[in-house]
Protein chains: 2
Amino acid sequence: MNERLRKQRDFMLEVDKMKQIYRQTHIRGGSRQENDAEHSWHLALMAFLLTEHANEEVDVLQVMKMVLIHDLVEIDAGDTYAYDEAGNATKREREEKAADRIFGILPKDQEEELRNLWEEFEAYETAESKFAHMLDNFQPFSLNNDNGGVDWRRHQVHKNQILGRNKKTCEGSKEIWEYMETVIEDNIKKGNIIED
Amino acid sequence: MNERLRKQRDFMLEVDKMKQIYRQTHIRGGSRQENDAEHSWHLALMAFLLTEHANEEVDVLQVMKMVLIHDLVEIDAGDTYAYDEAGNATKREREEKAADRIFGILPKDQEEELRNLWEEFEAYETAESKFAHMLDNFQPFSLNNDNGGVDWRRHQVHKNQILGRNKKTCEGSKEIWEYMETVIEDNIKKGNIIED
C-alpha cells in the first residue's frame, strides 16, 4: 500500500472519533446532544449557502476546509462549553497537544495544511476565519432558539455571556448578527436568557 | 428578516434531520450505526485530503459541495441499503420527490444549484461525480473493514455484490480501488465476504 494513502487512511479512521464527541447543543427536536461530526457537516453546508451574507469576500473552499477540521482537536482535548470559564483557561494548551498528535498522523505537507487551517481559525483575523466563527456561533444558536432555548435555560445563560462570546460575530456577518440580536431580545422576553 | 436569509435558515433547520437518518454502516468500534450527517462530513474531509488519488483533475470545491448534499433526499426518501434490490427499484422516484420539496425550501437560485449538484452526482459522468462516488463507497468500506467486516457478515454479502456496486469505483481512483481489491480478498479469506 502506498505510504501516503496508508497515512491518510489511518487519519480518516482516527477522526471517526468526532462522531462520539458530544456538544452541549441539542439536535433539532431536542432528543439528544449533537456531536462534532454532525456540527462540522452543518457548518460546511452553511458555509456555501450563506456566503452572500459575509461582510467581506471570502474564499469559500478555505472556509469549508476550516469548518470541517476546526474541532478535530477535541478528539483529545474534549469539547469545552462556551460558558465554562475554568475549561476555557486550559483550552489552548490541551488543544495544541491534540493538534500535534492528530494532524501528525497525516503526510507532512497535509499535517502542515491542517495545522495552518486550524491556526488561522483560532487567530480569528482573516475574512475566512471571521466568517467561519460566525457560522460556528450561529449554528448552535439557531438550533437552541428552535428548541425553545432549552440549552440557555439549562445553563442559566445571561445576555452578557452571549454578547461576550459573540463580540466579533458581526465581523463575520453584520446581517446575520443583526438577526441574532432580535432572537436574543425575543428569548429574554420568553425568560430563556437572563437580562443583566 | 431578510427574505433570502429566512429561507436559508428554514433550510438549515430542515436538514438537521440528516442527524437522525441512520445508515447500515457502523461507526468505528461498532457501538452504533452512522447517520447521514456524520457520513457526509467524513466524505467532505476525505474529498480534500484524497484529491491526489483522483484519476482526473477535479474541482475540489465542487466535490465537497456534492458530498455535503448528496444524501439530503434521504430526509424524505430514507436510506436505501446498497444491497437492497426492492428498495433500489423505487429509489429514484422517491428521491426526486424529496429533492423537489427539500431543495425547494431555498431561494430559487440556490434550489437550482443544489438540484444540479445532486443530478450531477446521480448521473455519475463528470470527473467530480466519479470521485465523489468513489468516496461514498470507500468510506463505509473502510469503516466496515476496520470493524472486522461485521456489516458484510450481517448481510451475508457476496463478492459479486461488492464488485457490482463498485464497478465504476476505479473510474474515480484507480489507486484507491486497487487497495480496496486487496481488502476484499483479505475479507474473503477471513470469511467476512462470501466468495461466489
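Sequence lines set the chain letters: A, B, ... in the order given, protein chains first and strands last, and positions in each chain run from 1.
- The line from NE2 of B/H26 to CG of A/D16 is 12.5 Å long, rounded to the nearest 0.5 Å.
- Side-chain N or O atoms of B/H42 include one that pairs as donor or acceptor with a backbone N or O of A/M12 at under 3.5 Å.
- The contact between B/E14 and chain A is made by backbone and side chain atoms together, counting heavy-atom distances below 4.5 Å.
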Q: Check step by step if side chain to side chain contact (heavy atoms under 4.5 Å, CB included) holds for A/L143 and B/L13.
A: CA-CA 7 Å; A/L143 283 179; B/L13 290 171; 4.1 Å; yes

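- In the hydrophobic clustering of ILVMFWY residues, with side-chain heavy atoms under 4.5 Å counting as a link, B/V157 and B/M180 come out together.
- Atom CD of B/E3 sits in a crowded spot, with more than 12 heavy atoms from other residues, nucleotides or ligands closer than 6.0 Å.
- Side-chain contact between A/H53 and B/Q8 is present, with heavy atoms from C-beta onward closer than 4.5 Å.
- Using a 4.5 Å cut-off between heavy atoms, A/M64 touches chain B through backbone and side chain atoms alike.
- In terms of non-hydrogen atom pairs under 4.5 Å with chain B, the most contact-rich of A/V60, A/L61, A/L106, A/D36 is A/L61.
- Follow the hydrophobic side-chain contacts under 4.5 Å out from A/W177 and you reach A/V67 in the same cluster.
- A donor and an acceptor atom, one from each side chain of A/Y179 and B/R6, are nowhere located under 3.5 Å apart.
- Proximity to chain A is limited to the side chain of B/N35, based on heavy atoms less than 4.5 angstrom apart.
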Q: Applying side chain to side chain contact (heavy atoms under 4.5 Å, CB included), run through B/W41 and A/L43 and close with a yes or a no.
A: CA-CA 10 Å; B/W41 164 78; A/L43 298 195; over 6 Å; no

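- In the hydrophobic clustering of ILVMFWY residues, with side-chain heavy atoms under 4.5 Å counting as a link, A/I162 and A/M134 come out together.
- Comparing B/E34, B/H39, B/E113, B/R4 by heavy-atom pairs within less than 4.5 Å of chain A, the highest count is held by B/R4.
- Within the structure, every pair that satisfies the ring pair (Phe, Tyr, Trp, His ring centres under 6.0 Å) test and touches residues 117-139 of chain B, not counting sequence neighbours, is listed here: B/H70-B/F121, B/F121-B/H133, B/Y124-B/H133.
- Heavy atoms of B/S31 lying under 4.5 Å from chain A belong exclusively to its side chain.
- Taking hydrophobic clusters as Ile, Leu, Val, Met, Phe, Trp and Tyr residues chained together by side-chain heavy-atom distances below 4.5 Å, A/V58 does not share a cluster with A/L68.
- For the atom pair B/E175 CD and A/L5 CG, the distance stands at 6.0 Å (nearest 0.5 Å).
- Chosen from A/V15, A/L49, A/I27, the residue pairing most often with chain B at heavy-atom distances under 4.5 Å is A/L49.
- More than 12 heavy atoms of other shown residues, nucleotides or ligands fall within 6.0 angstrom of atom NZ in B/K190.
- Most heavy-atom pairs under 4.5 Å with chain A: of the set B/Q20, B/E52, B/R9, this distinction falls to B/E52.
- In this structure, B/K168 places its NZ atom where more than 12 heavy-atom neighbours from other residues, nucleotides or ligands lie under 6.0 Å away.
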Q) Do A/M18 and B/E38 pass the side chain to side chain contact (heavy atoms under 4.5 Å, CB included) test, and can you show the C-alpha distance, the side-chain angles, and the key distance before you say yes or no? A) CA-CA 9 Å; A/M18 288 276 277; B/E38 298 167 327; over 6 Å; no

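- Linking ILVMFWY side-chain heavy atoms closer than 4.5 Å, directly or via other members, places A/L117 and A/F48 in a single hydrophobic cluster.
- With rounding to the nearest 0.5 angstrom, the CD1 atom of B/I69 is 8.5 Å from the CG atom of A/L45.
- Proximity to chain A (any heavy atom under 4.5 Å) is restricted, for B/Q110, to the side chain, taken from C-beta onward.
- Looking only at side-chain heavy atoms (C-beta outward), B/R32 and A/K19 come within less than 4.5 Å of each other.
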